[in-house]
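Single-structure report; data block below.
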2 protein chains.
Amino acid sequence: MSGKELRRSMPLFPIGTVMQLTELTARQIRYYEEHELISPARTDGNRRLFSLNDIDRLLEIKDLIDQGINMAGIKQLLLVKDQQANVIQQQAEKAKQELTDEQLRNLLRQELQQAGRFNRSSLRQGDMSRFFH
Amino acid sequence: MSGKELRRSMPLFPIGTVMQLTELTARQIRYYEEHELISPARTDGNRRLFSLNDIDRLLEIKDLIDQGINMAGIKQLLLVKDQQANVIQQQAEKAKQELTDEQLRNLLRQELQQAGRFNRSSLRQGDMSRFFH
DNA sequence: AAACCATGTTAGAAAACCTAACATAACGTT
DNA sequence: AACGTTATGTTAGGTTTTCTAACATGGTTT
């Protein structure tokens with residue numbers, strides 16, 4: 001969690017930009033923070049600064065809300081998803097350096113299954129491709 | 001110039017963020033705009049909004065300034081570089097749809113040579129990778 | 001030395017953002 | 001049907017960020 005992650009988690013965007021990118025109102029974004037669905041950084045002057053990860057998260061939240069899920073539900077879902085992401089990443093790292101090809105194939109299969117399980121939120125992962133590159 | 005370009009040219013960052021990312025002062029950034037080295041977008045409220053391309057450009061400008069080049073020089077260099085980029089991209093597009101493999105190889109070789117010619121600014125192209133992904 | 005260049009600094013105004021409070025429509029519960 | 005809760009809208013007053021314009025300054029060029 002150094003290279004890539006450090007960058008995608010870099011606080012860069014003020015709330016106005018995020019509003020446009022996500023089509024959420026400031027009120028909504030602040031409300032979601034209040035309920036700990038996101039934790040944007042702050043400037044010295046206390047203004048919120050959002051990272052690409054934050055924006056991805058907000059897009060996911062929007063999705064889940066459209067599905068009729070409430071704050072509590074979303075919170076749990078995001079939590080589980082984060083955990084899975086962590087586990088998967090750790091395993092991937094481990095795998096890459098010390099496992100056999102056979103085991104590697106297993107892992108990949110596992111990852112793909114995981115991806116399909118919890119709604120298709122995994123597919124939304126990295127949705128920022130809409131805006132960049 | 002639709003997909004990728006549209007995104008990289010999307011106005012997203014306020015000047016404060018750009019200052020941090022480029023380590024330039026607000027005064028410098030505004031001065032460069034005054035001399036038409038960049039043309040950031042504006043919000044309805046007249047605040048500057050910078051794109052990834054703008055930031056790339058500012059990093060290039062910084063580089064050229066470190067090399068002792070003045071506004072006029074930088075302006076010309078950026079102009080030429082833009083033209084080259086256009087030409088190359090057009091050629092690339094043409095090539096991809098209607099040229100033979102042989103010709104394609106030629107083009108690629110050409111691109112690489114061009115890249116080396118004008119200082120190494122072409123290598124700085126896409127420097128934002130420092131911050132993202 | 002005079003002029004110019006790139007940048008710093010300051011002042012006053014306007015925009016964007018902040019928190020807190022109250023309002024409300026939709027919904028579920030009693 | 002009345003009530004409480006949830007997610008969001010709206011408003012108010014205050015703070016931060018950015019804006020332009022002007023003047024200041026050290027380093028170059030002429």
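In what follows, every chain begins at residue 1, and chains take the letters A, B, ... in the order their sequences are listed.
Of the listed residues (B:L49, B:D54, B:L52), just one forms a side-chain contact (heavy atoms from CB on, under 4.5 Å) with B:F13, and that residue is B:L52. For the side-chain contact (heavy atoms from CB on, under 4.5 Å) with B:F50, the qualifying choice from B:I15, B:T22, B:L12, B:T17 is B:I15, the only one to do so.
Within 4.0 Å of B:D44, counting heavy atoms only, lies no atom of the nucleic acid at all.
Residues A:I15 and B:I65 each lie close to DNA chain C; by heavy-atom proximity, the contact nearer the 5' end of the strand is made by B:I65. Between A:A26 and A:T43, it is A:A26 whose nearest contact on DNA chain D lies nearer the 5' terminus. Mapping B:H35 and A:F50 onto DNA chain C via the closest heavy atom, the residue that lands nearer the 5' end is B:H35. Residue-to-nucleotide proximity on DNA chain D shows that, of A:N70 and A:G45, the 5′-proximal contact is made by A:N70.
Rounded to whole Å, the distance from CE on A:M71 to C1' on D:dT5 is 13 Å. For the pair A:E36 CD and D:dA7 P, the interatomic distance rounds to 14 Å; values are reported in whole Å. Here the P atom of nucleotide C:dC5 and the CG atom of B:L37 are 14 Å apart, to the nearest Å. Nucleotide D:dA22 holds its C1' atom 12 Å from the CD atom of B:E34, rounded to whole Å. The distance between atom CZ of B:R42 and atom P of C:dA14, rounded to the nearest whole Å, is 16 Å. To the nearest angstrom, P of C:dC27 lies 16 Å from CD1 of A:I69. A:M19 places its CE atom 16 Å from the P atom of C:dA15, with the value rounded to the nearest Å. Between the CD1 atom of B:I29 and the C1' atom of D:dC19 there is a distance of 14 Å, given to the nearest Å.
At least one side-chain heavy atom of B:R8 sits under 4.5 Å from a side-chain heavy atom of B:D56. Using a 4.5 Å heavy-atom cutoff, the side chains of A:T25 and A:R30 are not in contact. You'll find the side chain of B:V87 reaches within 4.5 Å of the side chain of B:Q91, heavy atoms only. Within the 4.5 Å cutoff, the side chain of A:I38 has no heavy atoms near those of the A:L78 side chain. Within the 4.5 Å cutoff, the side chain of B:K75 has heavy atoms near those of the B:E36 side chain.
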Which atom pairs link the protein and nucleotides 9-11 of chain C when you take only N or O atoms and keep those under 3.5 Å?
from	atom 1	to	atom 2	distance (Å)
C:dT9	O4	B:R27	NE	3.3

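For B:T25, taking side-chain heavy atoms from C-beta onward, the closest of the listed nucleotides C:dT7, C:dG8, D:dG9 is C:dG8. Of the candidates D:dT18, C:dA6, C:dT19, C:dT19 carries the atom nearest the A:N46 side chain, counting heavy atoms from C-beta on.
You won't find any donor-acceptor pair under 3.5 Å spanning the side chain of A:R47 and the base of C:dC18, going by distance alone. Between the side chain of A:R30 and the base of C:dT19 there is no donor-acceptor pair of N/O atoms closer than 3.5 Å.
One finds the NZ atom of A:K62 at 12.5 Å from the CD1 atom of A:I74 (value rounded to the nearest 0.5 Å).
OP1 or OP2 of D:dA7 has at least one side-chain nitrogen or oxygen of A:Y31 nearer than 4.0 Å. For the pair B:Y32 and C:dT7, the criterion of a side-chain N or O lying under 4.0 Å from OP1 or OP2 is met.
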